[in-house]
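What you see is a predicted model; the values in this text were computed from it and never measured.
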Amino acid sequence: MDHNPFREGLSHTRRADPVTVVIFGVTGDLTRRKLLPALFALYRKGVSRLGVIGFARRDWQTEGLRQRAGEILRDAPDATDEQRAAFVNQLSYVRSTFDETAGYRELARQLPKDGDRLFYLSTPPESYEAIIRNLGEAGLNRPGGGSIRVVVEKPFGRDLESARRLNRLLADYFDEQQIYRIDHYLGKETVQNIMLLRFGNGIFEPLWNHRYVEHIQITVSERLGVEGRGNYYDSAGALRDMVQNHMFQLLSLTAMEPPIDLQADSIRDEKVKVVRAIGPIAPSELDTHTCRGQYSSGYSDGTAVPGYMQEDGVPPDSRTETFVAIKLFVNNWRWSGVPFYLRTGKRLRRKVSEIAVTFRTPPLELYSNRHPTMTRNTLIIRIQPEEGITLTVNTKIPGYTTDMRPVNVDFAYGSAFGESTLEAYERLLFDALVGDSTLYTRRDEIEASWRFITQLLEGWQNSQSRPQLYEPGSSGPHGARALPGGAGHRWRKL
Ligand SMILES: NC(=O)c1ccc[n+]([C@@H]2O[C@H](COP(=O)([O-])OP(=O)(O)OC[C@H]3O[C@@H](n4cnc5c(N)ncnc54)[C@H](OP(=O)(O)O)[C@@H]3O)[C@@H](O)[C@H]2O)c1
């Protein structure tokens, strides 16, 4: 693994080798919103001598791509016209479908003979196979002067079998060290901070186990609905779209053992052990350990909004879940018996991503007998909207009595460091450029997570049950309350 200046905190002084990034799907939404802005930021910071070739089917020429890129980057913060022009003028375009071998010959012609190559698959997942095979058949997977890496977007498979198939196909043409399976959650500062918080401080780790932790909640809630992506979403659902990838990443970083060092594989070795240790949920436990929901029509911010089944591209009898809550256990020495509650959904009350670690009450109930509302200490790692950390502690209210109230000890990234956090895609692209795969998902990890998720999907399919309806702007379906309720726990308020 290369030395990574971000991790070492040495600023951007180290450069990646000269590299050409090939974006498959350069005319698409992700390129516009995330990839071009991130590549431009890296270019401006001089991280590498960077060239970009776009590949897509639309009838554009290089000039058309440059013009579009100029528009996209017009409002890039702190950029000068000169920088923008320099970046835009090195872009070039290959117009081809992903099936045509002529397109890959043209790509080979445009690629510089020397330097590294990064192939970025920002395309519908159905296209991955054609691109990987054609890159291989054209010999573009074989290193010439520099290294070759391939970034694969999510979704990576839709069940265990399809994920395995894709992994096998990639392995036919690339070594595992060349393959970067992206999960943009891992590019977020607070997500990376989970490890630093746990293993860079002396006070948390002694308590981070079943003796002191009562339960852990992971929430990723959204206010928006499917926003015109009904067609895609209906074939996915909340479990595939959020839990298999983002939420399992949060879970494994929260629950993992300390790695022996900070090498990519040392960290990923520990993460995959967590996913493997998750106890399967038997068909008979589906009702007590999972709850699915689907948003109904109603009002969001006072505006009438359609229910999920009335959204464009969604069949009127769809059984796809827009909300899911799961109670699971990580069956290892550290976490035996500690419930992990996961919930995610669309059209909920608030947009929140957080991990909440709730600690047990003190062993002797000196105060809690007199103060039944005394709260349990909870450490909240906030990922969205404001990245930061909060610890709730019970404190005495000033006065003659020992009345108490929980207060928050707060740390916010924005105010603590006074600079905006890096965009996730910028960080992740930087890592791929320098060959650091720590924040990318390894083959065994992705297959372990699909193993668990596929069992759930099959269980639901066999049960013939439907998701429960919930109101827009609510906390999800009523049935979700029972999940922690059975153990006397409660969801945190959204
Ligand atoms: N958009 C996001 O916010 C987001 C977030 C996370 C992950 N992702 C993932 O990123 C990937 C791309 O998403 P997107 O939203 O950018 O998709 P998109 O807007 O539909 O773009 C798809 C791109 O692929 C090209 N394409 C599709 N089929 C092709 C073919 N047969 N031959 C040549 N070009 C073809 C399209 O070219 P033409 O339009 O020129 O035909 C377009 O450039 C997906 O895997 C998605 O799941 C997206």
When you measure from the side chain of [X] to the backbone of [Y], do you find a donor-acceptor pair of N or O atoms at a distance under 3.5 Å?
| X | Y | value |
| --- | --- | --- |
| R198 | T254 | yes |
| S266 | L262 | no |
| D183 | Y185 | yes |
| Q384 | E354 | no |
| N332 | W335 | yes |
| R350 | S221 | no |
| K351 | L224 | no |
| T322 | Y295 | yes |

Do the charged groups of [X] and [Y] touch, with an N to O distance under 4.0 Å?
| X | Y | value |
| --- | --- | --- |
| E270 | K273 | yes |
| R382 | D410 | yes |
| R240 | E321 | no |
| R223 | D301 | yes |
| K154 | D241 | yes |
| R442 | E176 | no |
| K271 | E445 | yes |

| request: Applying ring-ring contact (aromatic ring centres under 6.0 Å, His included), name anything that partners F87, two or more places apart in sequence or on another chain. | output: F40, Y43
With a 6.0 Å cut-off (strictly less than), is the heavy-atom count around [atom1] of [X], excluding the residue itself, greater than 12?
| X | atom1 | answer |
| --- | --- | --- |
| R360 | CZ | yes |
| N231 | CG | no |
| D312 | CG | no |
| Y232 | OH | yes |
| R466 | CZ | yes |

Does the side chain of [X] pick up a donor-acceptor pair with the side chain of [Y] at under 3.5 Å?
| X | Y | result |
| --- | --- | --- |
| N394 | T375 | yes |
| T219 | R343 | yes |
| Q244 | S449 | yes |

Heavy-atom distance under 4.5 Å between the side chains of [X] and [Y], does that happen here?
| X | Y | value |
| --- | --- | --- |
| E285 | T288 | yes |
| L429 | L35 | yes |
| E423 | P37 | no |
| I281 | F452 | yes |
| S296 | Y470 | no |
| I278 | F340 | no |
| T454 | E161 | no |
| Q294 | S318 | yes |

Point-to-point distance, once rounded to the nearest 0.5 Å, from [atom1] of [X] to [atom2] of [Y]:
| X | Y | atom1 | atom2 | result |
| --- | --- | --- | --- | --- |
| Q217 | W491 | CD | CH2 | 5.5 Å |
| L239 | W460 | CG | CH2 | 4.5 Å |
| S465 | R319 | OG | CZ | 6.5 Å |
| R292 | D287 | CZ | CG | 9.0 Å |
| Y367 | M404 | OH | CE | 6.5 Å |
| L379 | T392 | CG | OG1 | 8.5 Å |

| query | What heavy-atom pair brings T320 and Y233 nearest, and what distance separates the two atoms? | reply | CG2-O, 3.8 Å
| message | If you compare all heavy atoms of A304 against all heavy atoms of Y299, which two are closest, and at what distance to 0.1 Å? | response |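 So the two residues come closest at N-CD2, 3.6 Å.
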| task | Just do the side-chain hydrogen bond (donor to acceptor under 3.5 Å, both in side chains) check on N193 and T190 with the steps written out, would you? | result | CA-CA 5 Å; N193 200 34; T190 329; over 6 Å; no
| task | Please assess I260 against D269 for the test side chain to side chain contact (heavy atoms under 4.5 Å, CB included), listing each intermediate value before the final yes or no. | result | CA-CA 10 Å; I260 54 167; D269 285 346; over 6 Å; no
| message | Exactly one of E257, M256, Q263 should register a side chain to side chain contact (heavy atoms under 4.5 Å, CB included) with P259. Which one does? | response | M256
| said: The test is side-chain hydrogen bond (donor to acceptor under 3.5 Å, both in side chains); show your working for T378 and R492 and say whether it passes. | reply: CA-CA 10 Å; T378 303; R492 282 171 47 74; 5.5 Å; no
| query | Going by the angle between their ring planes, with limits at 30° and 60°, are Y440 and Y180 parallel, tilted or perpendicular? | reply | perpendicular
| Ring geometry between Y120 and Y425 (parallel below 30°, tilted from 30 to 60°, perpendicular above 60°) |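 The rings of Y425 and Y120 sit tilted, inter-plane angle from 30° to 60°.
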| request: With side chain to side chain contact (heavy atoms under 4.5 Å, CB included) as the test, would you mind laying out the steps for D29 and R32 before giving the verdict? | output: CA-CA 5 Å; D29 180 60; R32 177 177 60 79; 2.6 Å; yes
| message | Working note: T390 + N408, criterion side-chain hydrogen bond (donor to acceptor under 3.5 Å, both in side chains); need CA distance, chi angles, decisive distance, verdict. | response | CA-CA 6 Å; T390 301; N408 290 342; 5.4 Å; no
| So F411 and L391, side chain to side chain contact (heavy atoms under 4.5 Å, CB included) or not? Walk me through it. | CA-CA 9 Å; F411 152 77; L391 177 67; over 6 Å; no
| request: In sequence, state the C-alpha distance, the side-chain angles, and the governing distance for L30 and E153, and then conclude on side chain to side chain contact (heavy atoms under 4.5 Å, CB included). | output: CA-CA 10 Å; L30 185 68; E153 257 301 333; 3.2 Å; yes
| message | The test is side-chain hydrogen bond (donor to acceptor under 3.5 Å, both in side chains); show your working for D436 and T438 and say whether it passes. | response | CA-CA 6 Å; D436 182 347; T438 312; 2.5 Å; yes
